[in-house]
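Computed over heavy atoms, backbone and side chain alike; hydrogens, waters and symmetry mates excluded.
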Amino acid sequence: MAHYRFPVFFEARDLTDSEKEKIQKYFKIRRKSGGGECGPVEKVDDDTYKILFLEQEDQERVLGPKTHVIRLTSDQHLKIKTKQYAMNEIKIKQVSQNQQDTPGKDEEKVLVMETYLTQYLQDSPKARRDLDQCLSSLCRSFRILPEEGKVVVKRGAAHSGLPQAKWETQVDNVCFQLKQRYRCYFEVDPARVKTLQENPFMCSENLCTYKELREDLAVVVGEHDAIEKMIQRLDALQVKPQIHRDCGIPLMQFTLVEEEFGKKIKVSSPHIKITMQGRGRPVFEGPEAEVEAACTTLQELVKKIQQRILQLPAPLLAFLTSSGAMETYQTRFQQSLRSPVMLEVGPDLVLSSLTTEALEEAAAALERDLTVETVVLERAETESPGMVTLKEVLSQALQQANHGTMKVQLSYGKPSKADYRMLVQIVGNRKEVDRLKDILLDHKINQTNIHYSLNLPNAVVADHLHRVLELLGVQHSDLQLIPTKSPSPCLHFAGPRQLVQEFYVTLTSTLQSLVCKEYSMEGPGVLQYFNGEGKNNIALLELSHKVLILLSDEEKQSGTGSQPTSPISISNLTMMGKTGPTPAPIPSLPTKVTGGSSSTAPGGSFLTGKKIKLEVVLGHLEDQQVDVLVAPMVKANLLSLKIGQALAKTGGDQLKRNFSQSIRFQKNVEPGDIFQVEGTSTLGCQKIIFVECLPWNATSGSSEKALRCGMRQALSLCEQCALNSVAFPLIGPGVVLKTPVKEAVSILTSEIGLFGLSGLTGSLSNIRIVIHPDYPDSKAVCRDVYGGLNLHRRDGKGQAVFGSLTSDLEEVTLTVGGIQLYLVRGDITNETTDAIVNTTDFNNFDSAVCKSILSVAGPKVKKALKSAQVNRGKIFTSQPGKFPCKAIMHVCGENDPELVQDLTRDILLHCESKGYQSVAIPAICAAAGVDPCIVADAIFSGIVAAVSSCSFQHLVTVRLVLFSMPVFQQFQAAADAMFWTPIRLKTTTPLRASTAPAQTTQPGSLYPDLSSLLPSSLIPAVPPSATFIILGTSVQDVSSVCAGLQQAYTSHCSQQTLAPEELAGLSHAELQDLVGRVNSLGVQLEPSGPGSGAGVVVRGLNEGVNEVMYVMQGALRRQVVERDQRELFNNVVWCIMGQRGDWERFPKEANQKLEKGVTGGVMDAHGCCWNVDLRRKQATAVGSGYVTLVKRLQNLPDFKVPLYWDSLVPGEALQVIPLIPLCAEFERVKADFRTCMRTILKIERVQNVHLRRAFDVQRQQLEDKNGAPVGAGEKMLYHGTTTQACQSIMKTGFNRGFAGQNATVYGLGTYFAVSASYSAKPVYSRPEADGTQCMFVARVLAGFYTLGKSLMRVPPPVSPQQPDIRFDSLVDNQQNPSMFVVFHDSQAYPDYLITFK
């Protein structure tokens, strides 16, 4: 930048880079600052900056006005004072050693300084002394060259040993000290220079003043402090009165004259400071005379401003204000016109400038660029389907035009409230306005549709309009058709004018040639056939004879015709359309097709062997693992609803591509239409069916019709595609469709119910309803859906339409024999029933249920439970402690389903005997690894057994409390399966009103009487029929089609006769189930003749007849297998050792497999799978590899071997089996013996067939005599004896003839102790010489007992009124017995012999 040579200095504080750039731009504009080409702003000192100009003339013009006001922002201005010279600090420059004026290479150092400073060092004695003193120690001599601004320092010999660089550094330090001490002050203000000249006293002896040729420059040099004092005195002499003046000139006017005003006051008012205050008006600050002169000058210039008023429409004025166009035009005019033009909007647009030419050019540009247009759209044009597209096109064009800056605005309005027309106003840039106007005019001319209406002959044509049009060969592309039936059949159609008129003429003439005939056909399964396989025959007949075949029963089932095919409002069509002439009626066509409910019998999917399962779950549709997902949409947009958005998020880009490919082939997706999209791996489904929906409209009902039609088609499509499972959301509730929840639930459940009644046969086996958890009160919605589906589970005859119904509800209520049974998901510790049931093994109290109950009940209950001695299958009742109930019943199910069933029965009977009204029961054994389904069946069977054997007067509520949701769901499914089907009870008391009557047979007949199974309703007075309506253009074709339909049905029918002996193999339930399903198979059952020995004729569709025969053969084969399994199960027992060391019996099927030598995949009673090694008698669990023992027991003809016995040796009635120490059986016997504090030497199991047979007989007698809950009262007790007596007892049992050897305090019978420590006393278990003792662990049948007395030979009678009924045993303490006495030798069995010491 060496070519910029002419500096201007000014003072400012901390300028930013942007402020420097604005100052540079200001000085470049000659009309503003007087300057010209210049360099960047550079900082010289703390508050001093300079700018260099290329030309000296530019420098002089800038220095003319001493003050410049620069606009930095809209509300910030910078006022600076310019000077030609600055108060520079001393600049020290090291001169290179190779300069020409350096006499010695290492002897001199030349310092270049300001010439005024070197002159001051020369002239001031004090300054010269200071310099001499500072350099005396560093140099031999120095000389000052004032004219050149240099000081030459010569190095002395005394410093020759000092390195050159270090010496130069010291000399530089001296220069730095001079820089800090002295200062050159430049004064360029003529007034202040004059003051310095007139007052020489202001400069002390330490200051020197130097004058230049220019009279307006003086330089003062001296110490810093002295300079500052001089400046303060100079400022004090220069102070003049300052005033502020607002001239009242608006900023807009000031901007117009600002350039010329600045030039004028540059000379006349150089000390004026201009600021913007208030409402943007300039305020002058400075000496009074200069301010007055500046105000006068400004007012004179403002008078020269000229104005031009443009009367523009109000929309254009609003556009200029809101769009930012005013600022754009002002900037444009300032850059392109010689004189600036300002714009101001009021009632009109006001243009202001200093020249007429600028005003004219600006006005012409505005009038040329801006315009406003208004296009009127008539009502028919606004209500046409193309109006939505028009607005979209206009919106896109508007966005494109306004990209970057706003150029055009568009608005819609109405002339008045009563006027249905629409006003479209376009305002802005003329080019863009014209482009939008062309789009509107094109819509008015080419895109507007017209509407017509045409009366149809009848409702059949309206329902099947599109098929009728196809039959007649009438083209209707690019037309929108809406057939209606109310109040009379009519067709509304809309489209381009020419197409509408041509369509009207063609349709009117072709309807005259239409021929119709109603044809009915009778026979079992006729409707099912033509709804299924017969559809192909219908299609072939339609194709070959060019007719339209309509099955009227389909119309009756649906209750409505075809759904509307266009979203055009019917009310608007009626108002706007034209009705053409009514065509003549067709003679053979019925005037009305009546609808009604279908008489189709309940079906379900019988061919698959099971009915459709219904599920209601809380969750998200995209998380369901099913074959098909059904989802709603609006306007064929995947993302129109939240369900679609969730599916798109999970399905990803693949789903979006599949959707786009599928929708591409759908020309017009109308409300109620469906289309299928291939599923994705992330969604886990095969297909997604989308249903086109409408927002809720309760008045017209179109939204409900569309939803029903879509759901019906979705279910039918699942059947046609052989899909197994489908998931529906609750369609409707939401911000878009706005369907009330109650209506949505009703539509969903009723359509599923109608689908079940339709009798369709296929692979669909599961329908799942998914309730979104974010619905308000989603659980209540779940209950409503569950209740609605429950109403449709059976038809009017009570026959099951669907299979099971399960839900995520946390409580289900059932009624069983007068008792309210509640399935509750929750924590049993929250229950407040009269009684609580705790499940425990009486050893480990840390299981989930037991631990929770005992933590609430407290330590006393836990202590009582630990000390309890409870026999297998018995209930231990304790006090409730702190639990809010009356009693706690503790039971152990031992993972045995039969035991769980018996315990459940006894719990309910015990509650009734105690007068309890309610009881809470957990899932007994479900937490111990037993399949919850097996536990549920056992508990429900126990409840059924209880209500069958007792008429409950007190107990009214049973709550099954289930903590886990999976367990809850399996209990719910088990309850659904048990209590929705007939239950076979042990007594004749029916459990439910719908329970089937018991099977009866005629005396002397070996076969069942079929009269109860084949009621007259199965052979209706009016045979099943299907009615067709056939439309064609020829009478001959229609007649040929009727014959073809009859032939097609007849060729697919047959009949078979079931002989009585074949029916005898079926149970009553199987026969009843078969009868209940015949309608869905399309067959009819009827007796082959009179009397109880007659067979059954099955006639109807081939597939149905074959299926009935297949079911019959399968049932016979199954009964043969079950009979074989049952007979084997009674003779041979295969057992497996459970994890607790107990022997458990394999189920019948597994028992048969093992007996046949099949060892792989054997399933036990808990559902565990095993591989069995018969040689080693071991079983290995599949998966875990756990190994356990198996054994085979052979029952005797009159005796069932106990499971814990070893196999019997043929011919030996007595076997004594030593138990292996540490085995589970040994440890169990040992555990009860520990109270003796003795050492067990051995434990032997006694296996005496004769004694055990007698004991079992005695037990059955006591159970029959006493009934529940006491029964036989079997207990495990102890009997001490001598070694000599052991063999006798093991062979012949306990003999009461030996009574009295030890004691007869409580009667003359056989004594047994509750505690082993009592029987271990030497008086009872007499020690041998080596100290060994013997004791029996005996099974004792205590039954009903009472307090014993000495010399009693038999127990006393229970009551004087019944002297023949006696107690079964005697005890020492009736409340807490420790001793039992029995008087029948078969009442006790010696189970184990313990030898101890």
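- Legend: residues meeting side chain to side chain contact (heavy atoms under 4.5 Å, CB included) with Tyr1318, ordered by chain and number and at least two apart, are Ala1313, Lys1321, Tyr1324, Met1379.
- Checked against ring pair (Phe, Tyr, Trp, His ring centres under 6.0 Å), Phe1312 has the following partners two or more places apart in sequence or in another chain: His1279, Phe1294.
- Residues meeting the side chain to side chain contact (heavy atoms under 4.5 Å, CB included) test with Ser1315, sequence neighbours left out: Thr1235, Ser1317.
- Identified under the salt bridge (charged side-chain N to carboxylate O under 4.0 Å, His left out) test for residues 1247-1259, with sequence neighbours left out: Asp1198-Arg1253, Arg1252-Asp1256, Asp1256-Arg1259, Arg1259-Glu1274.
- Residues in residues 1350-1371 take part in these salt bridge (charged side-chain N to carboxylate O under 4.0 Å, His left out) pairs, two or more places apart or across chains: Lys1265-Asp1368.
- Residues satisfying the ring pair (Phe, Tyr, Trp, His ring centres under 6.0 Å) test with Trp1143, not counting sequence neighbours, are none.
- Under the ring pair (Phe, Tyr, Trp, His ring centres under 6.0 Å) criterion, the residue pairs touching residues 1372-1395 are Tyr1345-Phe1380, with sequence neighbours excluded.
- For Glu1263, there are no salt bridge (charged side-chain N to carboxylate O under 4.0 Å, His left out) partners, not counting sequence neighbours.
- Applying the ring pair (Phe, Tyr, Trp, His ring centres under 6.0 Å) criterion to Phe842, with sequence neighbours excluded, gives no partner residue.
- Within the structure, the ring pair (Phe, Tyr, Trp, His ring centres under 6.0 Å) test picks out the following pairs touching residues 847-877 (sequence neighbours left out): Phe876-His890.
- Screening residues 1375-1397 for salt bridge (charged side-chain N to carboxylate O under 4.0 Å, His left out), with sequence neighbours left out, gives Arg1339-Asp1391.
- Under the ring pair (Phe, Tyr, Trp, His ring centres under 6.0 Å) criterion, Phe1233 pairs with Phe1396, sequence neighbours left out.
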